[in-house]
Amino acid sequence: MNRLAHETSPYLLQHADNPVDWWPWSAEAFDEARKAGKPVLLSVGYSSCHWCHVMAHESFEDQDTADYLNEHFVSIKVDREERPDVDAVYMEAVQAATGHGGWPMTVFLTPDAEPFYFGTYFPPEPRHGSPSFRQVLEGVRQAWTDRREEVGEVAGKIVRDLAGREIGYQAAEVPGEQELAQALLGLTREYDPQRGGFGGAPKFPPSMVLEFLLRHHARTGAEGALQMAQDTCERMARGGIYDQLGGGFARYSVDRDWIVPHFEKMLYDNALLCRVYAHLWRATGSDLARRVALETADFMVCELRTSEGGFASALDADSDDGSGRHAEGAYYVWTPEQFREVLGDDAETAAQYFGLTEEGTFEHGRSVLQLPQNEGVFDADKVAEIKLRLLERRAERPAPGRDDKVVAAWNGLAIAALAETGAYFGRPDLVEAAVGAADLLVRVHLDEQGRLARTSRDGRVGPNAGVLEDYADVAEGFLALASVTGEGVWLDFAGLLLDHVLTRFVDPGNGALYDTASDAERLIRRPQDPTDSATPSGWTAAAGALLGYAAHTGSEPHRGAAERALGVVKALGPRVPRFIGWGLAVAEALLDGPREVAIVGPSLADDRTAALHRTALLATAPGAVVAVGAPDSGEFPLLADRPLVGGEPAAYVCRDFTCDAPTTDPVRLRHALGAGIG
């Protein structure tokens, strides 16, 4: 009996028809293992994971393998995006034991959920020194049957080792100029000056580091920081990792040159990068940054928006290649022959423009499309026509699957990106999309106590509680929406979420943060990690949202919690800056104040008020918060006791609620806040 049919996760539903007798993660599954005296197979993956699909097809859809699993194991399937806490705990064990990790993650557990054997993808036959999955199953079963006591000892040791990895956090002083300068120096040493980005292959978009570099330049004027950000953004935008036809970024590049992507498109990557490119445009006026920010925003709205107003998690890397076979990148790659078929006499021009070659940049003579450095020599109208014809033909191909569950944290990131991008570029439709997603989170994900559910699908809330990144990223999105729209209700909702952070996620003794709430399900370890992965860590995202909320409200408890949390950046920033980029970005905001900008005026429909508001939003001052509304309207604490000046709308620039003389002039306001493009 497969028990996944009523789950909300598309990944779990993909396995609902397997012959494997899957259980979702539950106390009942472990009770069954105890009752039957069987070990547990824990298989963790996610919907858009290429190798998860491969292993499912090779092993979990195979009747003989399923029969063996059903006889000798209790099998649990977990969507890592629904249960990041379960994934984090066991991935730490996998990495500690094997030196690497990845998905699908395959872990064997005792009925008490203690791990004793680990791996990732196992092939159906022995390959490249790796045993087959069946060999692994037989070996684990034999060990469980013949050496049960030894297995228990191994499991106990692993759990004790994991407990010993608890962060011995003592809230240090907040990071200062010295630590941020050392972090910049460390990034400079790891920077790839020929190709942009950091390190070698595979190369991931360094979204959080880019935000730090932009903020550091804004605060200090360090040209090197801006140059690294600018060059990396340009390299990514010109590479195959960026969809040159439909917009949006793939998960990562398998090579150092950003050419060949791993083709899955994740909401979180595109939300973070949309915001980075919008901020790069704000700092430099780059036409390329403007185009990429808008195209990425449009991709999210067109391809990932759900009928309920939220944003789906991802598009798969794989799709039908036209022959009934699923292949990675099939939707996105082209051959010269296909160009000639679609474009006729324009095929040669298009091949030159997109870097298409007969031998191909991908496998089997196929190429991903790139943007040339000399794009200006091509006729813009002709290029636009070619892109349209290619898009129309591509739309006839079988589309990649979509994981349409709504993850709270990632929607928070999208809300912030769309709200700001829409405000910068005069696109109210993007702001409306951000409001729609925020409405969904409030209606569906928030309960009466202000507790946040991690996921929903088709308007139905998922079974799993929100983790720290959900509370932090949604609060960040609501704060951005409050600044853009002038609607104080979003500030109130952010405060509600952050109160839960203070009471349920923060260690009251030292200010450290945990990824799960104090009243969450108890795992073999309470996960805690201040370093970034594909998204900002919950720890530093919470620090940023707490700091922003304190700037809006003057709340000392929120600011104090942010400062205590940032002690980890003082310790890690100079040592591993690539892996704590968001913490460094938040530290930049703290060093700058952050600036608090109160715009008082009749309404945003008033041209003078709107001009001051737009100027404030375009400020490059790190982490600046903006409140706009009528004087003493009650919408925002920042507006209290801030009158009009001579009957005119006015802007007050403050730090810690102590303000400079107000101005009615957008040009003066711009100079007070940082250059930007104005």
Side-chain angles (χ1 to χ4, degrees), residues 84-85 88-89 92 163 165-175 208 408-409 412-413 445-447 449-454 464-479 491-523 525-533 535-573 580 582-587 589-590 594 623 625:
D85 52 340
V89 166
E92 186 173 15
R165 290 168 174 260
E166 188 87 8
I167 297 174
Y169 187 69
Q170 297 296 327
E173 297 176 359
V174 297
M208 290 72 78
L413 298 175
H445 287 244
L446 270 182
D447 68 11
Q449 289 76 43
R451 292 173 181 248
L452 192 62
R454 170 109 175 134
N464 301 304
V467 295
L468 178 60
E469 71 161 355
D470 295 304
Y471 285 84
D473 289 338
V474 173
E476 175 81 12
F478 286 174
L479 291 172
L491 179 64
D492 296 338
F493 279 126
L496 181 65
L497 295 173
L498 293 172
D499 285 345
H500 279 282
V501 170
L502 293 179
T503 57
R504 299 170 58 225
F505 291 89
V506 176
D507 185 324
N510 59 18
L513 290 106
Y514 288 91
D515 293 335
T516 54
S518 55
D519 54 355
E521 177 189 353
R522 307 306 293 180
L523 302 175
R525 179 188 170 189
R526 189 179 180 189
Q528 179 187 46
D529 188 355
T531 60
D532 300 330
S533 56
T535 56
S537 72
W539 184 316
T540 57
L546 288 163
L547 184 64
Y549 183 78
H552 265 293
T553 63
S555 167
E556 283 300 325
H558 291 81
R559 185 176 178 102
E563 291 181 352
R564 287 191 297 276
L566 286 175
V568 76
V569 181
K570 183 180 179 71
L572 296 181
I580 199 157
W582 192 254
L584 291 167
V586 176
L590 181 65
V625 301

*Tell me, please, which residues at least two apart from Gln449 pass side-chain contact (heavy atoms from CB on, under 4.5 Å).*
Asp447, Arg451
*Report the residues that fulfil side-chain contact (heavy atoms from CB on, under 4.5 Å) with Thr516, sequence neighbours left out, ordered by chain and then residue number.*
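Here the qualifying residues are Asp85, Val467, Ala520, Arg526, Pro527.
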Expected list for residues 542-549: side-chain donor-acceptor pairs under 3.5 angstrom, two or more places apart:
none

*Is the side chain of Tyr471 donor-acceptor paired with the backbone N or O of Gly466 at a distance under 3.5 Å, no angle test?*
no
*asked:* Using modelled atom types and a 3.5 Å cut-off, is there a donor and acceptor pairing between side-chain atoms of His552 and backbone atoms of Val625?
replied: no
If you look at every heavy atom in [X] and [Y], which pair is closest and at what distance?
X: Ala587; Y: Val569; result: CB-CG1, 4.4 Å
X: Leu513; Y: Trp539; result: O-CE3, 3.4 Å
X: Met208; Y: Ser533; result: CE-O, 3.4 Å
X: Ala475; Y: Leu497; result: N-CD1, 3.9 Å
X: Ala408; Y: Asp470; result: CB-OD1, 3.6 Å
X: Ala409; Y: Asp473; result: O-CB, 3.3 Å

*Please walk me through it: do His500 and Leu452 pass side chain to side chain contact (heavy atoms under 4.5 Å, CB included)?*
CA-CA 9 Å; His500 279 282; Leu452 192 62; over 6 Å; no
For the residue pair [X] and [Y], establish whether any side-chain heavy-atom pair is separated by less than 4.5 Å.
X: Leu502; Y: Leu498; answer: no
X: Val474; Y: Leu446; answer: no
X: Pro84; Y: Asp515; answer: no

*Mind checking ring-ring contact (aromatic ring centres under 6.0 Å, His included) for Phe478 and listing every partner two or more places apart, or none if nothing turns up?*
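ring-ring contact (aromatic ring centres under 6.0 Å, His included) check on Phe478 returns Trp490.
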*Provide the full list of salt bridge (charged side-chain N to carboxylate O under 4.0 Å, His left out) pairs with a residue in residues 491-504, sequence neighbours left out, each pair given once.*
Arg504-Asp519
*Between Leu468 and Tyr514, is a side chain to side chain contact (heavy atoms under 4.5 Å, CB included) present by the stated rule, with each step listed?*
CA-CA 7 Å; Leu468 178 60; Tyr514 288 91; over 6 Å; no
*Using the test salt bridge (charged side-chain N to carboxylate O under 4.0 Å, His left out), find all partners of Arg559 that sit at least two apart in sequence or belong to another chain.*
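Only Glu563 meet the salt bridge (charged side-chain N to carboxylate O under 4.0 Å, His left out) criterion with Arg559.
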